[in-house]
Structure formats: structure tokens, C-alpha cells
Amino acid sequence: MTADTSTLLDKAQTLCDSRGARFTAVRRKVLKLMLEASGAISAYDLLDGLKATDLSAKPPTIYRALDFFLEQHFIHRVESQNAFIACNAFSDSHQLQLFICEKCHDVQEVHSPQIQQSINDQARLNDFQVKTQTVEAYGLCHQCRLD
Ligand SMILES: [Zn+2]
Ligand SMILES: [Zn+2]
């Protein structure tokens with residue numbers, strides 16, 4: 001486990017404690033798998049990963065954990081891949097954009113206030129109330145362009 005992973009797991013624990021939310025041992029294991037995954041990970045792959053240490057793991061275990069993490073803003077859904085990534089901030093609810101590498105499948109989370117502002121402005125112009133939004137850009141990351 002990298003220092004980063006254990007720091008983030010501790011942060012998740014602290015946040016759950018302060019919010020009165022239950023960060024169970026299984027949820028901790030699932031979040032660890034997500035933090036260690038390169039790129040987005042599907043519920044199916046998470047179940048496989050969990051079964052490595054927890055043979056009795058069932059799909060509802062994963063779905064409940066994912067719902068919980070989404071509620072706590074620990075993870076984000078990658079809509080175009082029907083998969084999930086661990087958040088890089090673990091802060092309160094926030095808008096984000098994703099850069100997805102087609103070669104190594106790395107997913108970078110970025111936060112552009114300008115993009116957010118443009119969407120809000122357009123919504124106002126169209127008298128539209130935005131509930132959720134997805135900005136996912138596909139291409140090549142820095143490393144893959146060097147290879
Ligand atoms: Zn985030
Ligand atoms: Zn790449």
C-alpha cells in the first residue's frame with residue numbers, strides 16, 4: 001500500500017467519523033481497491049478484487065459500498081465507461097471534468113471553474129436547471145504521447 005493510499009484511507013475514516021457514517025472494514029477494502037486501481041474500475045472488477053480476500057463477497061456488497069462512497073463524495077462515476085474512480089480531493093460535493101487516456105486508460109480529474117461557469121451561463125440563457133452533468137474528454141496522456 002502506498003503512503004498516498006493509506007493517507008487517503010485515514011482521511012476517509014476521519015471524514016466518516018465526523019459525519020457519523022460507518023466506514024466498515026469491507027468498505028475500507030473496496031475503497032482501497034479503487035485507490036490502487038489504475039484508471040476507472042467497474043463494479044464487476046471490484047467484486048473480483050474483493051473476492052480475493054473475501055470469498056463470500058456478493059454484488060450487493062459492492063453496490064452498497066459504491067452508493068455510500070458516492071454519497072460521501074469519495075468517488076466519481078465515469079459515465080462513458082460505466083465505471084468509477086476514486087476522487088482526488090475527498091472534499092464536499094464538487095463539479096469536475098475528466099480526461100481519459102485511450103491508451104493507458106488513466107483518468108485525470110480536473111476542476112475548471114471556467115467550464116462550470118459556461119455551463120451555468122448557458123443553463124441560465126436556456127432557462128434550464130442543471131442537476132447533474134458529465135464532461136469526459138478522450139485522448140492521450142502526456143506519458144502515452146512520449147511512448
Ligand atoms: Zn473529486
Ligand atoms: Zn496514457
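Order of appearance sets the numbers: ligands from 1, and atoms from 1 within every ligand.
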Should Asp121 and Arg124 be marked as a salt bridge (Lys or Arg N to Asp or Glu O under 4.0 Å) after you check the CA-CA gap, both sets of side-chain angles, and the distance that decides it?
CA-CA 5 Å; Asp121 290 347; Arg124 206 172 302 116; 3.3 Å; yes
Once rounded to 10 degrees, what value does the angle at the Zn ion (ligand 2) take between SG (Cys141) and SG (Cys101)?
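Rounded to 10°, it measures 120°.
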Give the atom name of whichever N/O/S atom in [X] sits closest to the Zn ion (ligand 1).
X      : answer
Glu109 : OE2
His94  : NE2
His76  : NE2

Is the distance from the Zn ion (ligand 2) to some N, O or S atom of His142 under 2.8 Å?
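Looking at His142, which is the residue asked about, there is no N, O or S atom under 2.8 Å from the Zn ion (ligand 2).
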Can we say Asp54 and Arg28 salt-bridge, meaning some charged N sits less than 4.0 Å from an Asp/Glu carboxylate O?
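Salt bridge absent between Asp54 and Arg28.
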Does the shortest distance from the Zn ion (ligand 1) to an N/O/S atom of His73 fall below 2.8 Å?
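Looking at His73, which is the residue asked about, there is no N, O or S atom under 2.8 Å from the Zn ion (ligand 1).
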N, O or S of His111 under 2.8 Å from the Zn ion (ligand 1)
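Given the 2.8 Å cut-off, His111 does not count as a ligand of the Zn ion (ligand 1).
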With salt bridge (Lys or Arg N to Asp or Glu O under 4.0 Å) as the test, would you mind laying out the steps for Asp4 and Lys32 before giving the verdict?
CA-CA 11 Å; Asp4 255 19; Lys32 181 167 175 282; over 6 Å; no
Using a distance-only test with no angle check, is there a side-chain donor-acceptor pair under 3.5 angstrom linking His76 and Glu109?
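Short answer, yes.
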Is a donor from one side chain sitting under 3.5 angstrom from an acceptor on the other, for Ser80 and Glu136?
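There is such a pair (donor and acceptor under 3.5 Å, judged by atom type) between the side chains of Ser80 and Glu136.
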Could you label the plane-to-plane angle of the Phe74 and Phe23 rings as parallel, tilted or perpendicular, counting under 30° as parallel and over 60° as perpendicular?
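Phe74 and Phe23: perpendicular rings.
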